[in-house]
Amino acid sequence: MKNSDRILSDKSILDVFSGESGENPFPIFAKMRTMGAVIPIPSPMGEKDRQTWMVTRMEEAMQVLKDHTQFTVDGSSMANNSSIWQNNADPSAPPTFLTAKSLVSVDEPDHRRLRRLVSKAFTPKYMESLRPRVQEIADELLDQVQQRGEMDLVKDYAYPLPINVISDMLGVPQADRTKIRGWSEAIAHGLGLGRKDPGVAEQIRAFGEYIVQLVAEKRQHPAGDLISQLIAIEEEGDRLDEAELISMISLLIFAGHETTPNLIATGTLMLLDHPEQLKKLKANLNLVPAAVEELLRFNGPSTMAGPRFATEDIELAGQQIKKGDMVIPVLKSANRDELQFTDPEELNITRTIKRHLAFGQGIHMCLGAPLARVEGDIAFSTLLRRMPNLRISVPREDINWHFMLSSQGLTSLPVTF
Ligand code: HEM
């Protein structure tokens with residue numbers, strides 16, 4: 001790309017990673033798509049020895065996400081790489097997914113082995129069986145605020161709902177949930193690509209030490225929960241080692257905390273921002289599952305997939321990618337690709353969506369997608385059924401966003417009903 005062709009400054013591109021672009025990175029993504037399906041960007045990690053690329057359109061993003069032989073998540077296999085997250089962690093800390101081998105950092109054959117061990121617990125069928133419990137949690141949360149006529153939708157509903165569901169599944173004691181939320185939030189806030197916030201290493205260590213202790217307790221008192229099941233697999237022998245076990249549990253806790261809350265909170269705000277869509281939905285709650293898909297497409301929680309690394313020199317959308325280059329599929333941009341969607345910048349809950357990339361694609365596609373869908377369905381249906389007069393109770397411009405890891409979320413959403 002010639003300098004004269006550069007429509008965006010390096011700063012505005014890097015702001016997408018750091019979260020400085022705030023609530024609305026979509027105009028930047030739209031400009032990026034006009035620049036190309038694959039564009040070179042300054043390295044968010046500040047590296048000089050390899051190029052970083054952003055993938056802005058769906059077809060090319062799918063290609064990168066699906067082809068795990070040419071594009072690997074395992075940066076440690078690259079001569080010029082140190083893992084992007086490891087820089088933030090203390091190597092003597094227990095092995096969380098940020099430092100040890102986990103689903104998100106390995107490809108075949110380890111990935112298949114690890115994923116098979118947990119995928120039975122995340123089938124759509126099993127998730128459907130959780131519906132009554134998810135419904136109960138949603139109702140309990142709204143019972144607590146119903147009389148007040150107001151709540152902070154983030155703190156009172158969007159966060160606790162998925163956290164209680166995943167904690168029940170994993171067998172995380174009720175008394176520990178606030179503590180875990182604190183660690184998980186601090187880690188996510190401090191870990192944007194290229195960020196190294198002070199204190200994150202201690203949070204990662206505390207989180208890891210907690211899981212080691214939880215595993216020790218469950219070893220002594222096994223129950224029917226997922227952590228106890230994983231311990232039983234580890235004790236059987238060669239299918240899961242201790243570091244992988246701790247790392248897997250840390251990933252499941254973390255992933256369940258930092259994603260679905262954003263779907264519920266941001267999704268609600270998007271509906272409030274589009275009153276005609278909200279009206280349509282309230283008039284027919286059977287549209288909720290379709291609305292969830294459109295909310296995921298329109299402004300889903302994950303801005304981008306984890307970085308991939310080219311395993312060989314390859315041409316992609318006319319760009320010469322070199323072995324070892326970092327390639328980042330920008331999911332929120334691909335989900336507004338004009339070549340795939342009619343009026344992509346419009347929220348339309350009755351749109352027929354062939355596919356979106358909010359949960360990624362390929363072997364690393366979100367394990368928790370069936371769970372997130374059930375949670376989203378119940379969260380929106382229950383909220384709109386019980387609180388049809390939902391309104392934002394502060395000026396719209398006072399709503400604050402924060403940036404975590406690779407996603408944006410609302411800090412709070414005060415509402416009346
Ligand atoms: C709306 C909610 C969610 C969204 C938008 C979301 C998004 C994603 C995305 C985009 C990926 C792929 C990342 C990549 O390829 O680099 C992913 C992977 C993953 N997600 Fe989710 N996620 C959500 C909820 C959950 C939940 C509730 C869990 C449950 C524990 C979960 C667990 C995971 C795991 C374990 C992976 C790694 C899978 C692998 O590498 O094989 N996610 N998620």
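Counting starts at 1 for both ligands and their atoms, in listed order.
Neither side chain, S167 nor N164, offers a donor N or O lying under 3.5 Å from an acceptor on the other. In summary, the side chains of E244 and S102 do not present any donor paired with an acceptor at a separation below 3.5 Å, with no hydrogens or angles considered. Between the side chains of T69 and D67, at least one donor N or O sits under 3.5 Å from an acceptor N or O. Donor-acceptor pairing under 3.5 Å is lacking for the side chains of N348 and H274.
Distances between N or O atoms of H111 and those of ligand 1 include at least one value under 3.5 Å. Checked against a 3.5 angstrom limit, the closest N/O atoms of R115 and ligand 1 fall inside it. At least one N or O atom of G306 sits closer than 3.5 Å to an N or O atom of ligand 1.
Within the structure, ligand 1 has I363 among the residues with a heavy atom less than 4.0 angstrom away. Under a 4.0 Å heavy-atom criterion, R308 is in contact with ligand 1.
Which parts of ligand 1 touch I166 is read off a 4.0 Å heavy-atom cut-off, strictly below it: atoms 30 (C). Those atoms of ligand 1 with a heavy atom of L331 less than 4.0 angstrom away are 10 (C). Those atoms of ligand 1 that come under 4.0 Å of a heavy atom in P301, given as number and element, are 1 (C), 5 (C). Residue-ligand proximity, A305 to ligand 1, at heavy-atom distances under 4.0 Å covers atoms 14 (C), 16 (O). Close contacts of ligand 1 with G360, meaning ligand atoms under 4.0 Å from a residue heavy atom, involve 10 (C). Remark: ligand 1 atoms within the under-4.0 Å shell around heavy atoms of L252 are 30 (C). Less than 4.0 angstrom separates some heavy atom of A358 from each of these atoms of ligand 1: 5 (C), 7 (C), 10 (C).
Residue contacts with ligand 1, taken as heavy atom pairs separated by less than 4.0 Å, do not involve V73 at all. Only side-chain heavy atoms of L251 come within less than 4.0 Å of ligand 1; its backbone N, CA, C and O stay farther off. Using a 4.0 Å cut-off between heavy atoms, A372 contacts ligand 1 through its side chain alone, with no backbone atom that close.
Among protein heavy atoms, the minimum distance from atom 28 (C) of ligand 1 is reached at G368 CA, 3.5 Å. When only non-hydrogen protein atoms are considered, atom 24 (C) of ligand 1 lies nearest to T259 OG1, 3.1 Å. When only non-hydrogen protein atoms are considered, atom 37 (C) of ligand 1 lies nearest to V104 CG1, 3.7 Å. Among all non-hydrogen protein atoms, the one lying nearest atom 11 (C) of ligand 1 is F359 O, 3.8 Å. Closest to atom 34 (C) of ligand 1 among all protein heavy atoms lies L367 CB, 3.8 Å. Nearest protein heavy-atom contact of atom 27 (C) of ligand 1 is T260 OG1, 3.5 Å. Nearest protein neighbour of atom 18 (C) of ligand 1, counting heavy atoms only, is C366 CA, 3.4 Å. At the top of the distance list for atom 40 (O) of ligand 1, counting protein heavy atoms only, stands H364 ND1, 2.7 Å.
Exactly one residue among L263, L331, T266 makes a side chain to side chain contact (heavy atoms under 4.5 Å, CB included) with P301. That residue is L263.
Judged purely by atom type and a 3.5 angstrom limit, T34 uses its side chain to pair as donor or acceptor with the backbone of K31. When atom types are taken as modelled, the side chain of H356 and the backbone of A358 share a donor-acceptor pair closer than 3.5 angstrom. Remark: the backbone N or O of D273 is not paired with any side-chain donor or acceptor of R396 at under 3.5 angstrom. Judged by distance alone, the side chain of Q229 and the main-chain N or O of G224 form a donor-acceptor pair under 3.5 Å.
Note: H68 and H111 fail the aromatic proximity criterion, with ring centroids not under 6.0 Å apart.
A cation-pi arrangement is absent between R391 and F417 under the rule of less than 6.0 angstrom and at most 45 degrees off the ring axis.
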